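Keep in mind the model is a prediction, meaning the values are calculated, not measured. Every heavy atom of this structure was used, including side-chain atoms; hydrogens, water molecules and symmetry mates were not.
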Amino acid sequence: MQTSALPDLAHTATKPVHWLATAAAMAGVVALAGLLQPRTATATATAPEKRTTTPVAAPDPATVDFPLECGGAGTTVAKQAPGDLDGDGRPETVAVVHCDAGSGTPPSGIYVLTQRSGAAPRVVATLVDPADRKTVGEFAVREGRVSATLLGYSSLEVPRCCPDQEEQATWRWRGNAFVRTSGDLARSV
């Protein structure tokens with residue numbers, strides 16, 4: 001083993017005073033860090049945040065009896081989308097539903113579902129009644145609006161496979177009801 005030609009360095013021969021000085025310095029740093037904390041952050045919740053603090057699941061359309069007369073054939077939920085349509089902080093579900101049909105294109109209904117805590121989901125509004133003999137193409141729920149492309153027929157002679165009218169419709173909750181805000185006129189496809 002080769003010995004160093006340099007004299008012993010101070011850090012190679014530590015004494016209790018060195019450990020005490022290091023501990024005192026560390027304690028000072030920790031104490032200073034505790035004193036120099038940033039101010040406590042404060043935040044104020046906006047009205048919607050105060051209403052609901054835990055996320056609420058949107059109603060499940062699979063558990064709803066829809067007001068469709070299908071002659072025992074059952075119903076099909078073709079499309080669905082959640083959204084807070086009335087601004088109460090709880091999501092509703094909008095469902096496009098039609099009768100189960102072996103063939104053809106059965107008319108659709110568009111229904112709004114809600115659910116109170118502990119209760120079963122229920123239909124609270126019908127935006128499109130199947131009696132209107134429309135089918136639904138594009139469909140979306142965004143920013144409190146329901147929009148849909150409604151397909152229909154100009155006469156009974158038009159084959160049910162091939163709608164010849166198209167209508168863009170949008171609904172928005174106003175006061176105590178859904179109001180259709182666009183799509184009043186049908187046009188040929």
Side-chain angles (χ1 to χ4, degrees), residues 42-101 105-156 160 163-189:
T42 58
T44 304
T46 60
E49 291 175 338
K50 288 182 181 177
R51 284 187 229 166
T52 303
T53 57
T54 58
V56 178
D60 181 5
T63 63
V64 175
D65 289 325
F66 292 96
L68 285 168
E69 293 183 27
C70 298
T75 59
T76 297
V77 177
K79 301 174 185 183
Q80 67 183 40
D84 182 8
L85 301 174
D86 58 4
D88 67 351
R90 298 179 66 88
E92 288 77 31
T93 297
V94 182
V96 177
V97 183
H98 60 77
C99 292
D100 287 331
T105 308
S108 300
I110 300 179
Y111 302 98
V112 179
L113 312 175
T114 190
Q115 183 175 12
R116 292 187 182 177
S117 290
R122 63 188 177 93
V123 174
V124 293
T126 300
L127 304 180
V128 173
D129 191 324
D132 296 337
R133 303 175 60 91
K134 303 283 186 184
T135 57
V136 178
E138 297 294 319
F139 164 76
V141 175
R142 287 188 203 102
E143 299 173 359
R145 285 187 316 253
V146 178
S147 59
T149 302
L150 305 177
L151 306 173
Y153 308 92
S154 59
S155 71
L156 292 176
R160 299 295 105 178
D164 64 341
Q165 292 184 327
E166 180 180 300
E167 181 178 4
Q168 300 300 317
T170 303
W171 296 266
R172 184 179 275 287
W173 181 256
R174 302 270 186 211
N176 60 356
F178 284 96
V179 176
R180 192 168 171 166
T181 57
S182 67
D184 294 330
L185 300 174
R187 68 178 201 268
S188 293
V189 177

K.L.:
Is there a side-chain contact between Asp100 and Cys70 in this structure, where contact means two heavy atoms from C-beta onward sitting under 4.5 Å apart?
P.N.:
no
K.L.:
Should Gln115 and Val124 count as side-chain neighbours, where that means a heavy-atom distance under 4.5 Å?
P.N.:
no
K.L.:
Could you check whether any side-chain N or O of Asp84 sits under 3.5 Å from a backbone N or O of Gly87, counting only pairs where one atom can act as donor and the other as acceptor?
P.N.:
yes
K.L.:
Output the distance between atom CZ (Arg145) and atom OG1 (Thr170), rounded to the nearest 0.5 Å.
P.N.:
7.0 Å
K.L.:
Report yes if some heavy atom in the side chain of Pro82 is under 4.5 Å from a heavy atom in the side chain of Val141; otherwise report no.
P.N.:
no
K.L.:
For residues Trp171 and Val128, determine if any side-chain heavy atom of one lies less than 4.5 Å from a side-chain heavy atom of the other.
P.N.:
yes
K.L.:
Measure the spacing between CG of Asp65 and OG1 of Thr75 and express it to the nearest 0.5 Å.
P.N.:
8.0 Å
K.L.:
Between OG of Ser108 and CG of Leu127, what distance do you get to the nearest 0.5 Å?
P.N.:
12.5 Å
K.L.:
Any side-chain heavy atom of Glu167 within less than 4.5 Å of one from Lys134?
P.N.:
yes
K.L.:
Taking atom CG of Leu150 and atom CD1 of Ile110, what is their separation to the nearest 0.5 Å?
P.N.:
5.5 Å
K.L.:
Report yes or no: do Ser154 and Gln165 form a side-chain donor-acceptor pair below 3.5 Å?
P.N.:
no
K.L.:
Can Glu143 and Arg172 be counted as an ion pair, charged N to O under 4.0 angstrom?
P.N.:
no
K.L.:
Which residues pass the side chain to side chain contact (heavy atoms under 4.5 Å, CB included) test with Pro61, not counting sequence neighbours?
P.N.:
Phe66, Val77, Gln80, Thr93, Ala95, Leu113
K.L.:
Would you name the heavy atoms of Val56 and Pro91 that are closest together and state the gap between them?
P.N.:
O-CG, 3.3 Å
K.L.:
Just how far is it from atom OG1 of Thr135 to atom OH of Tyr153, taken to the nearest 0.5 Å?
P.N.:
5.0 Å
K.L.:
Would you check if Val94 and Tyr111 make a side-chain contact, meaning some heavy-atom pair closer than 4.5 Å?
P.N.:
no
K.L.:
Within the 4.5 Å heavy-atom criterion, are Val136 and Thr149 side-chain neighbours or not?
P.N.:
no
K.L.:
Can you measure from NE2 (His98) to OG1 (Thr76) and round to the nearest 0.5 angstrom?
P.N.:
5.0 Å
K.L.:
Indicate the atoms forming the closest heavy-atom contact of Pro107 with Pro130, along with that distance.
P.N.:
CB-O, 3.4 Å
K.L.:
Taking C-beta and beyond as the side chain, do Arg90 and Ser117 meet within less than 4.5 Å on heavy atoms?
P.N.:
yes
